[in-house]
Amino acid sequence: MTHTTPATGTAEREAALVMVKRSIKPARGTRKPTVAADRGYDTADFVGALTALGIAPHVAAKTQGSAVPAHIKTTEGYAVSLRRRKMIEEAFGWVKDIGTLRRLMARGLDKIRAHALLNFAAYNLTRLGNLLAP
């Protein structure tokens with residue numbers, strides 16, 4: 001899923017919340033849904049918004065002044081989320097190195113949105129080939 005917005009300084013966190021609200025289902029049973037994110041998302045607003053939605057914020061914690069609660073940082077699930085984040089970064093690396101997002105020659109949010117969607121769809125198709133290989 002992609003969500004393209006104009007750059008404002010807080011757009012990434014705002015887009016993440018839009019995507020979270022759109023895609024994460026409420027918790028069933030005792031397991032809380034989680035969202036992993038890099039250190040740039042370690043703000044009181046973002047962590048508070050996730051907590052208010054009933055989602056455990058598995059955000060990479062800053063060394064000083066982190067908004068991530070200490071009881072979350074000590075869980076095994078938090079450690080797993082930090083390792084799994086690397087898989088997400090692979091997709092962004094692919095669309096910049098192999099795809100066309102590094103040297104995008106488009107103007108206007110709609111055109112950029114279309115390029116981003118096409119690039120991530122192509123990444124998913126190449127990944128699908130690897131997943132289905134015997």
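Predicted model, so just to flag it, every value in this text is computed and none were measured. Atoms considered below: every heavy atom in the structure, side chains included; atoms not considered: hydrogens, waters and symmetry mates.
Salt bridge status for R102 with D97: present, with a side-chain N to carboxylate O gap under 4.0 Å. A salt bridge is defined here as a Lys NZ or Arg NE, NH1 or NH2 lying under 4.0 Å from an Asp or Glu carboxylate O, and R39 with D42 fails to meet this definition.
In this structure the side chain of P6 reaches within 4.5 angstrom of the side chain of L109, judged on heavy atoms. Counting heavy atoms from C-beta on, the side chains of L101 and F120 come closer than 4.5 Å. D45 has its side chain out of reach of R13: every pair of non-hydrogen atoms, C-beta onward, lies at least 4.5 Å apart. Residues L50 and L17 are in side-chain contact: their nearest non-hydrogen atoms beyond the backbone lie under 4.5 Å apart.
Checked options V47, V20, V59; the residue passing with V35 is V20 (criterion: side chain to side chain contact (heavy atoms under 4.5 Å, CB included)).
The structure places CG of L117 at 5.0 Å from OG1 of T2, a figure rounded to the nearest 0.5 Å. In this structure, the separation between NZ on K32 and CD1 on I24 is 12.0 Å, given to the nearest 0.5 Å.
Among pairs with a residue in residues 33-57, those fulfilling ring-ring contact (aromatic ring centres under 6.0 Å, His included) read Y41-F46, at least two apart in sequence or across chains. Pairs passing the side chain to side chain donor-acceptor pair (under 3.5 Å) check and including a residue from residues 114-134, sequence neighbours excluded, read T100-N119. Under the side chain to side chain donor-acceptor pair (under 3.5 Å) criterion, the residue pairs touching residues 73-96 are H58-S81, with sequence neighbours excluded.
Nearest heavy-atom pair, P57 versus V68, reported as atom, atom and distance to 0.1 Å: O-CG1, 3.9 Å.
Enclosure of atom CZ in R22 by more than 12 non-hydrogen atoms of other residues, nucleotides or ligands within 6.0 angstrom is indicated. Around NZ of K111, the count of heavy atoms belonging to other residues, nucleotides or ligands within 6.0 Å does not exceed 12.
The same ILVMFWY cluster, assembled from side-chain heavy atoms under 4.5 Å apart, contains both L104 and I98.
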